[in-house]
Protein chains: 2
Amino acid sequence: MIKPVAPDSEFTIRELAQEFDVTPRTLRFYEQKGMITPSRRGAARIYSAADRARIELILRGKRVGFALDEIKEILDLEAIDRGGRERLEPAIERFTARIQVLEQQREDVERAIAELQAGLAWMRERLEDRTPSDDVRRRARAFEALAQARLDPWSGAPSAG
Amino acid sequence: MIKPVAPDSEFTIRELAQEFDVTPRTLRFYEQKGMITPSRRGAARIYSAADRARIELILRGKRVGFALDEIKEILDLEAIDRGGRERLEPAIERFTARIQVLEQQREDVERAIAELQAGLAWMRERLEDRTPSDDVRRRARAFEALAQARLDPWSGAPSAG
DNA sequence: TTTGACGTTGACGTTCGCGTAAGTTTGTGA
DNA sequence: TCACAAACTTACGCGAACGTCAACGTCAAA
């Protein structure tokens with residue numbers, strides 16, 4: 001799944017920053033946190049294909065809501081592995097827990113997509129200056145419920161009557 | 001999709017805080033940002049079923065990485081709607097863009113799940129003190145590549161040779 | 001009436017993920 | 001050799017999303 005580049009490729013900080021749409025500062029920051037360890041040519045950083053793969057994973061992790069420290073833990077898998085069996089078990093538990101969080105999140109993402117699409121349909125119908133169709137209304141019911149939370153206090157429905 | 005509670009239900013700040021596993025401070029903060037407007041009994045906040053639904057959406061939005069201001073925009077859909085056609089079109093574009101981000105994210109989440117599961121399988125085999133099977137190795141290839149990024153600098157592979 | 005749980009409003013503190021100078025060093029072409 | 005861009009280190013700053021007091025009000029039970 002990692003983009004195919006020659007395994008002996010080398011990259012400058014600027015190249016990778018541009019490719020992944022981050023600033024050089026960001027990559028130095030990740031290095032400072034111990035998440036990547038590019039080699040040096042003099043003082044200048046040289047990134048390998050493996051460094052590049054790590055950066056990909058870091059950014060992917062970020063997009064799904066992991067904190068950098070959590071991503072670091074994932075990246076340090078083999079460090080855990082080499083650290084003896086006592087560290088393996090708690091790590092396994094944390095990984096398992098994270099997977100559950102991610103599965104919850106997958107559901108959240110799909111709901112969010114559905115909700116935004118419902119809102120979108122609603123807005124598009126408004127744009128065409130017609131009152132929303134029954135079909136759109138049905139799919140946008142969540143939004144209507146939410147809208148009421150905003151409208152009711154002003155339109156006066158105090159004691160549930 | 002919103003949890004079924006009687007539409008005339010009322011909640012205290014602590015009830016909802018407990019239910020959603022946030023602190024009361026958090027709910028007051030959302031209110032201060034104009035995302036929820038619970039009514040008052042004296043000075044105390046009373047949350048309606050609709051308020052509760054909004055809180056659900058806020059937290060769901062957070063879990064998928066939306067900033068509070070973005071969530072507020074979603075919650076203010078009908079405000080946008082009532083604000084005239086000029087505000088509708090840019091809003092539609094932002095919504096569309098967000099949906100694309102979410103779809104990207106759905107892919108990221110599934111990759112992350114797969115990677116964590118691969119890592120998990122790897123660790124479990126280590127636990128049983130056998131060398132990972134070929135099958136696990138195949139699925140964990142991404143991890144191996146990442147591991148090399150850490151190991152190579154120490155094991156000495158300086159000029160790509 | 002006092003206790004104690006629960007609630008309120010400020011206001012300042014904290015963590016995360018970088019941004020942004022400021023000043024220095026390094027490498028490359030004219 | 002000079003100039004200039006690009007990279008480097010150091011360090012302070014910032015916005016988001018709350019946490020954490022402090023100081024006070026309120027209401028039911030003892």
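Here is how names work: the chains are called A, B, and so on, in the same order as the sequence lines, proteins then strands, and each is numbered from 1.
Regarding contacts with the backbone of D/dA17, every side-chain N or O of B/T26 stays at 4.0 angstrom or more from both OP1 and OP2. The side chain of B/Y30 contributes no N or O atom lying less than 4.0 Å from OP1 or OP2 of D/dA17. Between B/T23 and D/dG19, a side-chain N or O to OP1/OP2 separation shorter than 4.0 Å is present. Note on A/K62: a side-chain N or O is less than 4.0 Å away from OP1 or OP2 of C/dC18.
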Apply the test salt bridge (Lys or Arg N to Asp or Glu O under 4.0 Å) to residues A/E115 and A/R111: give CA-CA distance (whole Å), side-chain angles for both, the deciding distance (0.1 Å), then the verdict. CA-CA 6 Å; A/E115 271 161 6; A/R111 278 198 187 184; 5.9 Å; no
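Between the CZ atom of B/F29 and the P atom of C/dG10 there is a distance of 15 Å, given to the nearest Å. Look at CD on B/E31: it is 14 Å from C1' on C/dG10, rounded to the nearest Å. Rounding to whole angstrom units, CD1 of residue B/I55 and C1' of D/dC18 are separated by 15 Å. Between B/L59 atom CG and D/dA17 atom P the separation is 12 Å, expressed in whole Å. Straight-line distance from the CZ atom of B/R41 to the C1' atom of D/dT26: 14 Å, rounded to whole Å. With rounding to whole Å, A/F66 atom CZ is found 17 Å from C/dC16 atom C1'. Atom CG of B/L16 is separated from atom P of C/dC6 by 15 Å (rounded to the nearest Å). A straight line from NZ of A/K72 to P of C/dG17 spans 13 Å, rounded to a whole angstrom.
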With B for base contact, S for sugar-phosphate-only contact and - for none (protein heavy atoms under 4.0 Å), nucleotides 7-12 of chain D reads SSB-B-
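In this structure a side-chain-to-backbone donor-acceptor pair under 3.5 Å is missing from B/T26 to B/V22.
The residues B/K33 and B/E73 are annotated as not salt-bridged, no charged nitrogen and carboxylate oxygen being separated by less than 4.0 angstrom.
For A/E15, there are no salt bridge (Lys or Arg N to Asp or Glu O under 4.0 Å) partners at least two apart in sequence or on another chain. Take A/E110 and apply the side chain to side chain contact (heavy atoms under 4.5 Å, CB included) test, not counting sequence neighbours, and it matches A/R106, B/R106.
Here the side chains of B/I58 and B/F66 are not in contact, with every heavy-atom distance at 4.5 Å or above.
Remark: B/R52 is positioned above the aromatic ring of B/F11, its terminal NZ or CZ atom under 6.0 angstrom from the ring centre and at most 45 degrees off the axis.
Distances from the side chain of A/D69 to the nucleotides C/dG19, D/dA16, C/dC16 place C/dC16 closest.
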